[in-house]
Amino acid sequence: MNIRLNSQWRQLRQYNPPVKLKEKKSGFATRAIHTGQEPDAETGAVAAPIYPTSTYVQQELGKNKGYEYARVSNPTRTRLEQNLAALEGGLGSRVFASGMAAIHAICTLFKSGDHIVCGHDLYGGVPRLFNQVLTNYGLEFTYVNTTDPQNVERAIRKNTRMVYVETPTNPLMAVSDLLAISEITRRKKVELVVDNTFMSPYFQQPLALGADMVVHSTTKFLNGHSDGLGGVVVCTTPEQLEKLAFVQKAAGAILSPFECWLVLRGVKTLAVRMEQHNCNGKIVAGFLAKHRKVKKVFYPGLADHPQHELAKRQMSGFGAMITFETGSLGNAKKLLKNVRVCSLGESLGGVETLISHPATMTHAALGEKGRKAIGITDGMVRISVGIENVEDIVDDLEQALDKI
Ligand SMILES: Cc1ncc(COP(=O)(O)O)c(C=O)c1O
């Protein structure tokens, strides 16, 4: 750790006091609404101010109010970083321009020759970043089915630095045992990073289960309104926070003040939104599971899901992400053409129901062979169940399924 980093860390601590790990004095919804969301000290404004500034006036050389340049820090960003850390039970967090920028930032902590073990069934953009960008810089990746922790243990080598797990996975909704995997990563002295995008901290708390860092695409449930892109890394140690603050400053893929504010606003309703997403998700999954045209449903809340018991232990809800098999590309196309309430679109986690086709959209980059290897078929459809009246979502799916 060099002197420059030390002084930078002291300054960041002053303006972004860390939330103590696992300190949960107030309930989740209260933290979502109040942590980092305190009324503005100057005016009393209840909503956090947006600071659209590129720089800050300095009192004299070397003397400022803690903010020097907006790539390095911004008060709206500081608020969001405090808030998200409090929700995940982390020491602090760093936000980035997108979920992918956050994942990329974590990978810049490693060097050429380092090895990463990751799930074989991840959001398609992640293997695209790993295989088509980061391997060019000498990082090595091994993909395993993380639903069996033994696969993770077997893949760890001397040069392994990180195990990267998405649970549940996108789009196959496979659930990995975080407690079992963290027991392995601790023993092997490897960092465990978990993508918690699908569950949000409301339903799953990976840090409490032994993860070292949590990553999110805030674009999804945390923001919740499909109106901004963003990513966050929630950390458990000052070193991680310091290094990622340095990456924010050095590489610059930071989240804009306006988008920080959008997430601060969105996250205030995270608890009630997630309750409704979960409620609607369970009803839609139950409907699909009984429909004669649906061959298979992938949803951890269904009793026949292979990791249903684990999901019940590890998560406090099953969420709103469902993948189902229509049997063929033709059937998937007809269904997607005929939905009216569900919107055909590539994202998830918004208040509106979004429906997508993993093979040609989110997971196109894997190629046919890559998709086949992990079981993504052309007939699969993924749905992010929104919080509309659930009978309208079910009726819409029913009329569209009738047309295939
Ligand atoms: C699970 C998961 N992680 C990460 C990402 C990447 O996030 P972003 O689109 O904000 O870059 C996505 C995007 O869909 C995702 O589904």
Side-chain angles (χ1 to χ4, degrees), residues 80 84 88 93-108 116 118-134 143 146 162 164-176 178 193-204 206 211 213-234 251 253-256 259-260 262-263 266-267 277 298 300 315 319-323 343-350 352 354-366 374 376 380-385:
L80 179 62
L84 298 180
E88 284 287 359
S93 80
R94 299 288 174 240
V95 293
F96 294 89
S98 67
M100 289 315 304
I103 296 164
H104 180 256
I106 294 173
C107 293
T108 63
I116 290 160
C118 44
H120 71 165
D121 158 28
L122 302 166
Y123 162 61
V126 177
R128 177 174 54 206
L129 170 72
F130 290 174
N131 299 340
Q132 295 180 45
V133 180
L134 296 177
Y143 296 89
T146 54
M162 168 170 79
Y164 181 90
V165 173
E166 201 176 280
T167 181
T169 56
N170 180 358
L172 295 173
M173 301 304 297
V175 179
S176 295
L178 294 179
V193 177
V194 177
D195 184 331
N196 200 21
T197 300
F198 270 27
M199 281 300 114
S200 90
Y202 187 69
F203 284 138
Q204 182 167 265
M213 281 186 263
V214 163
V215 66
H216 279 273
S217 165
T218 65
T219 315
K220 318 300 180 192
F221 290 100
L222 288 175
N223 182 329
H225 292 75
S226 306
D227 51 10
L229 217 60
V232 63
V233 185
V234 184
I254 43 102
L255 195 60
S256 76
E259 275 172 316
C260 288
L262 280 177
V263 183
V267 93
H277 276 299
F298 301 77
M315 292 141 46
M321 297 304 300
I322 305 167
T323 296
S343 307
L344 176 60
E346 197 147 315
S347 197
L348 62 107
E352 58 290 292
L354 289 170
I355 195 158
S356 65
H357 184 242
T360 57
M361 296 166 83
T362 48
H363 291 71
L366 286 186
I374 56 172
I376 299 176
M380 272 180 187
V381 168
R382 190 193 74 184
I383 180 163
S384 166
V385 181

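For ligands, and for the atoms within them, numbers begin at 1 and follow the listed sequence.
- Remark: of the listed residues I322, I355, N170, N170 is the sole one forming a side chain to side chain contact (heavy atoms under 4.5 Å, CB included) with R382.
- Taking both residues in full, the closest heavy atoms of L366 and P127 are given as CD2-CG, 3.6 Å, listed atom of the first, atom of the second, then distance.
- Looking at T362 and P171, their side chains never come closer than 4.5 Å, going by heavy atoms from C-beta outward.
- Side-chain contact, S226 with E352: a donor N or O sits under 3.5 Å from an acceptor N or O.
- S384 contributes no side-chain N or O that, together with a main-chain N or O of L348, makes up a donor-acceptor pair within less than 3.5 Å.
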For residues 96-104, please give each side-chain donor-acceptor pair under 3.5 Å, one per line with the distance, not counting sequence neighbours.
unit_1 : atom_1 : unit_2 : atom_2 : d
S98    : OG     : M100   : N      : 3.4
S98    : OG     : A101   : N      : 3.0

For a distance cut-off of 3.5 Å, show me each N or O of ligand 1 paired with any protein N or O, plus the separation.
unit_1   : atom_1 : unit_2 : atom_2 : d
ligand 1 : 3 (N)  : D195   : OD2    : 2.7
ligand 1 : 7 (O)  : S217   : OG     : 3.1
ligand 1 : 10 (O) : G99    : N      : 2.9
ligand 1 : 10 (O) : S217   : OG     : 2.8
ligand 1 : 10 (O) : T219   : OG1    : 2.7
ligand 1 : 11 (O) : G99    : N      : 3.1
ligand 1 : 11 (O) : M100   : N      : 2.9
ligand 1 : 14 (O) : K220   : NZ     : 3.1
ligand 1 : 16 (O) : N170   : ND2    : 3.0

